[in-house]
*Asks:* 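Please read through the structure below; I'll follow up with questions.
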Amino acid sequence: MAFLKQIERKWQHKWEEAKIFEADPDPKKPKCYITVAYPYPNSPQHIGHGRTYTLADVHARYMRMKGYNVLLPMAFHYTGTPVLAMSKRLAEKDQDLIDDFVNVYKVPKEKLKELAEPFKMARYFHEEIRAGMKAIGYSIDWRREFTTIDPQYNRFIEWQFQKLRERGYITRGSHPVGWCPKDGNPVGQHDTQGDVEPEIGEFTLIKFKYGDWVLPAATLRPETIFGVTNMWLNPKVEYVKAQVDDQKWIISKESAEKLRYLNRKVTVKETFRGRQLTGKRVENPATQEEILIFPADFVDPKNATGVVMSVPGHAPYDYMALENLTQSSAELKEYGLTPDAVAAVKPVSIISVAEYSEIPAGDVIKQMGITSQLDPKLEDATKEVYRHEYHSGKMKPNTGKYSGLSVAEAKEKVKTDLIAEGKAETMYELLNKPVMCRCGTECIVKIFEDQWFIDYGNPEWKMKAHKAFDQMEILPEELRAEFNYVIDWLHEKACARKSGMGTKLPWDPEWIIESLSDSTIYMAYYTIVKHVKKHNIKSTQLTDEVFDWIFLGVGKPADVAKRAGIDAKVLDEMRNEFMYFYPLDSRHSGRDLVPNHLTFMTFNHIAIFPEALWPRQIATNGSVLMQGAKMSKSFGNIIPLIEGIKEFGVDPLRMGILASAELLQDADFSLTLARSMRDRLERFYRAGEAIAKTRSPEAAKSLKSQDRWLLSRLQEHIRMATEAMDKLAVRKAIHSALYELDQDVQWYLRRVAGEKETPKRKETVNYVLNQVLDAQVRMLAPVTPHICEELWEKIGGKGFISAATWPAPDSAKIDTRAEESETLVSATFQDTLDIIKATGITPKKTYYYTAAAWKWRAYSTALKKAISTKVIQSELMKELMKDNEMKRQSKSLAKFVGRVIDEVNRTSAEKKQKQLHVGTINESQILTEAEAFFRRELNAEVHIYSEDDPKRYDPKNRAQSAKPYRPAIYIE
Ligand SMILES: [Zn+2]
């Protein structure tokens, strides 16, 4: 462990000194520009944060070794609520947060007071996160670091927003947004606990009549109005009679409050419990039918109006509540109901759907074994019924003019008609409630009036976004459909807030551009910030025309430079640097940014830059679990990044985070995993150290078959690892480069251990192992760079391994014959072990009988036929019998063919090609060469005969069962 620490320090220091990760334009080299979403500096880093950044770093390191001039920059996102809300919680002395900071992250207690100020908090964690990123060895060009409150960056964002506005993508208007009533701010994903994007839906409120009053039942399925059998109110919660604009409504108390945010004028007249209305009758506006109001506990007063119409035929909640009610007839009196009245209410079927009986809600409830209206499984049941009905349901004749329509059609038509007739209206509500603001308040929907929006609903813009994604590589590809869905679903997004740090809207400076809107094209800013810092360019010099020239090539540079007071040469360099590194080659982030940031980034690039500069790739990854559980303070399983580094070492930690899962899977981190990685890497290091110094090219001239085998296998592992890395399947790459390659090395070491060790042979073996190590160190360098640098130095590699070349498979070293020969040895060895195990013999003498030449001829004839078609025994025999020698022993031949034909037919095409390519191998010679190995491993004498050797020792007549690649075995 101590040596790991020392290696880490040594190489991080050397990298920094040599500035090898500082990337400048180099016209002679292809570039690769990789960025990863910059962090909000509002809390310290833990291991979970490490995954996205480590993956981006591994990607950057890989591309560097592939010969690219790679730029990987980093900045810090001070903007908006994430920092603000956290400092506010400290200011309000939130004990959970304080415990967390002090006990888990070891933030000094005396610092806490200071951190209650947003800017100071951002500063503090900015330093902390940067230190962590350096300590874990990220290959970042730190010259480009900035924060989103730097005045020069503010100018850049102002310019971006001017462009968006000029191009018609900014609108002013009233739209529903997720809203925190406490903060008085719109909320997006980054403002909520658990990073939940508030999803806004539109309920239809169907107005049931109750005397002069209206009970507006909220539903997402207005087409089911024809199946309504009763009304539900929650008897235990408070309802109000309220004047809502010019109507008299009965709604939940919470609903009255929410309607105000939706710009309704609400005056509450009277408050009462729901039970006061149960047993009363209301009139269905669509059918004029009179129905009873029943009590139900599942009715949530916080959801829409808290008034629910009951459609037990098609809504599992309603079905269950009705069933529960029938069972509890004793209490009915209390609700003004009689058992007969309740029993008279039966589910009505109004939709026919192939998957179910008349009453789909009943079917699903039985399938899922639900017995209570408060069972959370009802949510899934509801979704399932809806899915089937929406896709294949047809409205029945009892739905009047909607009869025969699909559910999808009827849903829209019924809604439109009811609204037109004044029998319904709509209400926005959160579909994924409760959504909690970071401040702890439950979010609601507000009609955000007369505000600034980015118009992601613009159809032309959406079309271009689809085009951009069609051209983009998405890693992993499975996420493409999700992006397409998000593009279609996006609508106007509120882009400004009244509080927090950030950039002011240039034309309406009361407003601060919010954090998901000021982080969409900043990858462009990284390309020039280096010059801004170096030449101390002031924000006032960064005029719109300066940005127009740098990013769009618009204007006369000489004039622009003069007016801005920027050296013309510097301006030119900025333009060149942008044009050199753009477009962005890869954007990394966690998959939670798919529905917002990653899509917004693409939209904004489309809006600002020409098509040639749109992003080329998006790479996303899942999160990190801790021993199978989500990392969370309440589980006490958060490991701060710095702690993890101290505990396990950088390279084991990097490997632990990446080796346990492919991109989209959640990585399951555990202490055991990290320790086993550390042990594994230490072994790798020690083994490497031992062979590192011996390099003798002379030895390459005296390779044996087993040497050529390992070198050939190495090429395959390189090919596999490269293919995997190209798709960022890092886990797979590690498996090829470390585990699978190592299995081959272990086999090789066993094989050569039995050999007579002459100095020359020793040299050859070391040469082979050295070749393997050389490639292995390079393949592992992106993931475990520190250990690999150290080994690279020991091997005598030139320069840094971080700047060395990724290995390429050398086709000259692929040796199919050596591979087939080795397969013979290992298969024969395994067969021998199997026999020993089955018989329980301790072998003293082992006899191998290799297949006769005619069997090889017959076998290869079968193989050849099997390439194109399945071989039929009779046909093969017919063909073989043309051969006189075969004909002479037709009986043995028939027996042999019978034994191999299935095997040949089952052999993979690749294997068949390989074996045909190699032709007959000299099994006797190969086994004789491996004799020492067998002798040593089996601790027995070894004798090798051809099956037709007349002098062979074969007391049990085993020889005749020899097959090509499967010698017969006799043990005594
Ligand atoms: Zn809030």
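Computed from a predicted model, the values in this text were never measured in an experiment.
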*Asks:* Any carboxylate oxygen within less than 4.0 angstrom of a Lys/Arg side-chain nitrogen, looking at E643 and K106?
*Replies:*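 Judged by the 4.0 Å cut-off on N to carboxylate O distance, E643 and K106 do not form a salt bridge.
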*Asks:* Do R497 and E514 sit within salt-bridge range, that is, some charged N less than 4.0 Å from a carboxylate O?
*Replies:*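 Here R497 pairs with E514 in a salt bridge, since their nearest N and O are under 4.0 Å apart.
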*Asks:* Checking H597 against D592 for the side-chain contact (heavy atoms from CB on, under 4.5 Å) test, could you report, in this order, the C-alpha distance in whole Å, the side-chain angles of both residues, the deciding distance, and whether it holds?
*Replies:* CA-CA 9 Å; H597 166 71; D592 53 319; over 6 Å; no
*Asks:* Would you find more than 12 non-hydrogen atoms of other residues, nucleotides or ligands less than 6.0 Å from K732 atom NZ?
*Replies:*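 It does not: K732 NZ has 12 such atoms or fewer within range.
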*Asks:* Under the side chain to side chain donor-acceptor pair (under 3.5 Å) rule, what do T147 and D150 come out as? Steps first, then yes or no, please.
*Replies:* CA-CA 6 Å; T147 84; D150 296 352; 2.7 Å; yes
*Asks:* Please determine whether the number of non-hydrogen atoms from other residues, nucleotides or ligands lying under 6.0 Å from atom NZ of K464 exceeds 12.
*Replies:*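 Counting other residues, nucleotides and ligands, NZ of K464 stays at 12 neighbours or fewer.
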*Asks:* Could K498 and E510 be called an ion pair, given the rule that one side-chain N must be under 4.0 Å from one carboxylate O?
*Replies:*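 So K498 pairs with E510 through a salt bridge.
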*Asks:* Salt-bridged, E473 to K727, with N to O below 4.0 Å?
*Replies:*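 Looking at K727 together with E473, the answer is yes, because their closest N to O distance falls below 4.0 Å.
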*Asks:* Please determine whether a side-chain nitrogen of the Lys or Arg among K163 and D544 lies less than 4.0 Å from a carboxylate oxygen of the Asp or Glu.
*Replies:*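 No salt bridge links K163 with D544.
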*Asks:* For the pair Y138 and Y53, name the ring-plane relationship: parallel under 30°, tilted 30 to 60°, perpendicular over 60°.
*Replies:*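 Plane angle between 30° and 60°, so tilted.
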*Asks:* Examine K504 relative to W511 and say whether NZ or CZ is less than 6.0 Å from the centre of the six-membered ring and inside a 45° cone about the ring axis.
*Replies:*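 K504 over W511 ring: no.
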*Asks:* Do F101 and F125 make the cut of ring centroids closer than 6.0 angstrom?
*Replies:*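 Distance test on ring centres: under 6.0 Å, yes.
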*Asks:* On the ring face of W15, is R64 found with NZ or CZ under 6.0 Å from the centre and within 45° of the axis?
*Replies:*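 Geometry flag: not set, cation outside 6.0 Å or 45°.
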*Asks:* Taking A75's backbone N and O only, do any of them form a donor-acceptor pair with Y526's side chain (distance below 3.5 Å, no angle check)?
*Replies:*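 The answer is yes, because a donor-acceptor pair under 3.5 Å joins these two groups.
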*Asks:* Does the Lys NZ or Arg CZ of K134 fall within the cation-pi geometry relative to W142 - under 6.0 Å from the ring centre and within 45° of the axis?
*Replies:*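 Yes, K134 sits over the ring of W142.
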*Asks:* Does D585 use its side chain to pair, donor to acceptor, with the backbone of Q617 at less than 3.5 Å?
*Replies:*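 No, the answer is negative, given that no donor and acceptor are paired below the 3.5 Å cut-off.
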*Asks:* Within the supplied structure, the quantity of interest is the number of heavy atoms (other residues, nucleotides, ligands) at a distance under 6.0 Å from Y68 OH; does it exceed 12?
*Replies:*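 No, not enclosed.
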*Asks:* Near Q471 CD, under 6.0 Å, is it more than 12 heavy atoms from other residues, nucleotides or ligands?
*Replies:*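 Atom CD in Q471 is packed in, count exceeds 12.
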*Asks:* Taking the six-membered ring for Trp and the single ring otherwise, decide whether the centroids of F609 and F578 are under 6.0 Å apart.
*Replies:*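 Judged by ring-centre distance (under 6.0 Å), F609 and F578 do meet the cut-off.
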*Asks:* How close do Q152 and I537 get, heavy atom to heavy atom, and via which atoms?
*Replies:*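 Nearest pair, atom of Q152 first, then I537: NE2-O, 3.0 Å.
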*Asks:* Taking only Lys NZ, Arg NE, NH1 and NH2, and the carboxylate oxygens of Asp or Glu, determine whether K530 and E22 approach each other closer than 4.0 Å.
*Replies:*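 Salt bridge flag = no for E22 with K530.
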*Asks:* For the residue pair F600 and Y456, is the inter-centroid distance of their aromatic rings smaller than 6.0 Å?
*Replies:*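 Judged by ring-centre distance (under 6.0 Å), F600 and Y456 do meet the cut-off.
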*Asks:* To the nearest 0.5 Å, what is the distance between CG on L584 and OG1 on T35?
*Replies:*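 Interatomic distance, L584 CG to T35 OG1, rounded to 0.5 Å: 4.0 Å.
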*Asks:* Taking K19 first and then D24, would you say they form a salt bridge - that is, a charged N and a carboxylate O separated by under 4.0 Å?
*Replies:*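 Salt bridge between K19 and D24, a charged N being under 4.0 Å from a carboxylate O: no.
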*Asks:* Indicate whether any N or O donor in one side chain lies under 3.5 Å from an N or O acceptor in the other, for Q160 and T520.
*Replies:*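 Note: Q160 and T520 side chains meet the donor-acceptor criterion.
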*Asks:* Between D548 and V554, is there a donor-acceptor pair closer than 3.5 Å when you use the side chain of the first and the backbone of the second?
*Replies:*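 No, the answer is negative, given that no donor and acceptor are paired below the 3.5 Å cut-off.
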*Asks:* When you check the gap from the basic side-chain N to the acidic O, do K534 and E573 get nearer than 4.0 Å?
*Replies:*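 No, this pair does not count.
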*Asks:* What are the two closest non-hydrogen atoms of I606 and A468, and how far apart are they?
*Replies:*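 Here I606 and A468 meet closest at CD1-CB, 3.8 Å.
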*Asks:* Whether the side chain of Q189 engages the backbone of N596 through a donor-acceptor N/O pair (distance < 3.5 Å, no angle test) should be reported.
*Replies:*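 Not a single qualifying donor-acceptor pair exists.
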*Asks:* Can you classify the ring geometry of W159 versus F547 as parallel (below 30°), tilted (30 to 60°) or perpendicular (above 60°)?
*Replies:*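 Ring orientation of W159 relative to F547: tilted.
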*Asks:* Identify the heavy atoms of I129 and P41 that sit nearest to each other, and give their distance.
*Replies:*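 So the two residues come closest at CD1-CA, 3.9 Å.
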*Asks:* Go through T148 and Y78 one step at a time and tell me if the side-chain contact (heavy atoms from CB on, under 4.5 Å) criterion holds.
*Replies:* CA-CA 6 Å; T148 57; Y78 283 30; 3.8 Å; yes
*Asks:* If every non-hydrogen atom of R61 is compared with every non-hydrogen atom of A781, which pair is closest and at what distance?
*Replies:*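 Closest approach of R61 to A781: CD-O, 4.4 Å.
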*Asks:* Minimum heavy-atom separation for W792 to A804, with atom names?
*Replies:*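 Heavy atoms of W792 and A804 come nearest at CZ2-CB, 3.8 Å.
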*Asks:* Parallel, tilted or perpendicular: which describes the rings of H531 and H535, with under 30° parallel and over 60° perpendicular?
*Replies:*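 Parallel: the ring planes of H531 and H535 meet at under 30°.
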*Asks:* State whether W11 and K14 meet the cation-pi test: NZ (Lys) or CZ (Arg) under 6.0 Å from the six-membered ring centroid, and within 45° of the perpendicular axis.
*Replies:*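 Verdict for W11: a cation-pi partner in K14.
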*Asks:* How far apart are the C-alpha atoms of D518 and H77, what are their side-chain angles, what is the distance that settles it, and do they pass the side chain to side chain donor-acceptor pair (under 3.5 Å) test?
*Replies:* CA-CA 9 Å; D518 83 338; H77 202 184; 2.8 Å; yes
*Asks:* Determine whether a donor-acceptor pair (N or O, by modelled atom type, separation under 3.5 Å) exists between the side chain of D666 and the backbone of S623.
*Replies:*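 Indeed, once roles are kept as given, a pair shorter than 3.5 Å links the two residues.
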*Asks:* Can you label the angle between the W461 ring and the F603 ring as parallel, tilted or perpendicular, going by 30° and 60°?
*Replies:*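 If you compare the ring of W461 with that of F603, the planes turn out perpendicular.
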*Asks:* Report the C-alpha separation of T527 and Y33 in whole Å, then their side-chain angles, then the decisive distance to 0.1 Å, and conclude whether the side chain to side chain donor-acceptor pair (under 3.5 Å) test is met.
*Replies:* CA-CA 10 Å; T527 66; Y33 183 22; over 6 Å; no
*Asks:* Given F551 and F156, is the ring-ring contact (aromatic ring centres under 6.0 Å, His included) satisfied, shown in steps?
*Replies:* CA-CA 11 Å; F551 296 122; F156 171 69; 5.5 Å; yes
*Asks:* What are the two closest non-hydrogen atoms of W452 and I170, and how far apart are they?
*Replies:*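 That closest heavy-atom pairing would be CE3-CG2, 3.7 Å.
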*Asks:* Among E17, H786, E789, which residue meets the side chain to side chain donor-acceptor pair (under 3.5 Å) test with Q12?
*Replies:*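 Only one of E17, H786, E789 forms a side chain to side chain donor-acceptor pair (under 3.5 Å) with Q12, namely H786.
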